[in-house]
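Remarks on the structure that follows.
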Amino acid sequence: LLYDFRSQGACLSHVMPEFLLAPEDYKIWTEVNTGLRVGSMRSSGTLSGKRVFILEDSTFETMSKRAWTDVLLQIYKVFVLPRVSSRIVPDPSSLESLQNMPGIKSEPLCSNIYSQYERTILIWLNKHYEKNRKIVWKDSQRGGIPPMRWIVNFDQDLLDGLVLAAQVAAYCPYLIPTHFIKMYTDPRTHEQFLHNSLIFVKALRAVNLDMDIKV
């Protein structure tokens, strides 16, 4: 199954199939393939020249959660994102504010990191953030209007919650005075990042989109 996903563009070369097993099955797998009894396993064995990692229960649980999270996200990428339209319709009202920002190409072969559909999402994030940052935080209680930024990835650039808040505010502007205005617009500490995350989660819950999110 992993090989099939990889052939369709999923980035799963770092996921080992054994980490997707149930804990009991993983113990049986390690015993069968290394000849070692599970109990005080701290080293690693070999399987036809391939290194077999033998993990303690707590470590395996952490690795398994990460592996399954990555697999589910890549399933979403392969089967759901292709439904996103790659047709970008320029918004005349936002062209002036976007003209000084670097562009992100959506052509299929212009990136070896993100797919065409992921780059379409990045374009959408950039557009709404630049268009809404001066609207959402014009009366900010914690730092004023955030600066212009170029959103090029889905991890570091979304950590402070501001980009995601700008997207939600575009469709739910009534959340601005009740939630988003309280966010730090230039967060620098872990506490400020957590503060923004909690506000964003509360905003999603306010519109019944919490989906059991935990911070």
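As the structure is a computational prediction, the values presented were derived from the model and not from experiment.
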Report summary line: When rounded to the nearest 0.5 Å, the distance separating CD1 of Ile151 from CD1 of Ile121 is 12.0 Å
Report task. Evaluate the criterion side chain to side chain contact (heavy atoms under 4.5 Å, CB included) for residue pair Leu162 and Arg133; output intermediate values, then yes/no. Result -> CA-CA 8 Å; Leu162 297 175; Arg133 65 185 177 90; over 6 Å; no
Report task. Please answer: with hydrophobic residues joined when any side-chain heavy atoms are less than 4.5 Å apart, are Leu73 and Leu158 in the same cluster? Result -> no
Requested in this report: Measure the OG1-CG distance between Thr189 and Leu194 for me, rounded to the nearest 0.5 Å.
Outcome: 9.5 Å
**Report entry** More than 12 heavy atoms of other groups within 6.0 Å of His190 NE2
**Finding:** no
Query - Steps toward side chain to side chain contact (heavy atoms under 4.5 Å, CB included) verdict (Leu164, Val168) - result: CA-CA 6 Å; Leu164 295 175; Val168 176; 5.7 Å; no
Query - Centroid separation Tyr171 to His128 less than 6.0 Å - result: yes
Query raised in the report: Linking I/L/V/M/F/W/Y whenever their side-chain heavy atoms sit closer than 4.5 Å, directly or via other members, would Phe79 and Leu20 fall into one cluster?
Result: yes
Query raised in the report: If you round to the nearest 0.5 Å, how far is CG of Leu198 from CE of Met183?
Result: 10.0 Å
Query - Common cluster, Ile199/Ile181, ILVMFWY with side-chain heavy-atom separation under 4.5 Å - result: no
Query raised in the report: Hey, is the main chain of Gly143 close enough, under 3.5 Å, to the side chain of Thr185 for a donor-acceptor pair?
Result: yes
Report task. For Lys138, check side-chain contact (heavy atoms from CB on, under 4.5 Å) against everything at least two apart and list the hits. Result -> none
Report task. For residues Pro146 and Tyr129, report the shortest heavy-atom separation together with the two atoms involved. Result -> CB-OH, 3.4 Å
Query - salt bridge (Lys or Arg N to Asp or Glu O under 4.0 Å) partners of residues 157-178, not counting sequence neighbours, each pair once - result: Arg149-Asp160
Requested in this report: With the side chain counted from C-beta on, respond yes when Lys27 and Phe60 share a heavy-atom pair under 4.5 Å apart, and no when they do not.
Outcome: no
**Report entry** Among Gln192, His195, Arg142, the one residue meeting side chain to side chain donor-acceptor pair (under 3.5 Å) with Tyr184
**Finding:** Arg142
Report summary line: Interatomic distance, CD1@Ile145 vs CG@Asp139, rounded to 0.5 Å, equals 8.5 Å
Query - Nearest heavy-atom neighbours spanning Ala165 and Phe200 - result: N-CE1, 3.8 Å
Query raised in the report: Under 3.5 Å, is there a donor-acceptor pair between the side chain of Ser64 and the main chain of Phe19?
Result: yes
Query - Heavy-atom closest contact (Val15 atom, Val71 atom, distance) - result: CG1-CG2, 4.2 Å
Report task. Give a yes or no on whether Tyr76 atom OH has more than 12 heavy-atom contacts from other residues, nucleotides or ligands under 6.0 Å away. Result -> no
Query - Non-hydrogen atoms of Val207 and Cys172 that approach each other most closely - result: CG1-SG, 4.3 Å
Report summary line: Interatomic distance, NE2@His179 vs OH@Tyr174, rounded to 0.5 Å, equals 10.0 Å
Query raised in the report: Can you check whether Leu125's main-chain N or O pairs, donor with acceptor, with Gln167's side chain at less than 3.5 Å?
Result: yes
Query raised in the report: Salt bridge between Glu61 and Lys65, side-chain N to carboxylate O under 4.0 Å?
Result: yes
Report task. Taking all heavy atoms of Leu21 and all of Trp29, pick out the closest pair and write down the distance. Result -> CD1-CB, 3.9 Å
Report task. Hey, could you give me the CZ/OG1 distance between Arg66 and Thr62, rounded to the nearest 0.5 Å? Result -> 11.0 Å
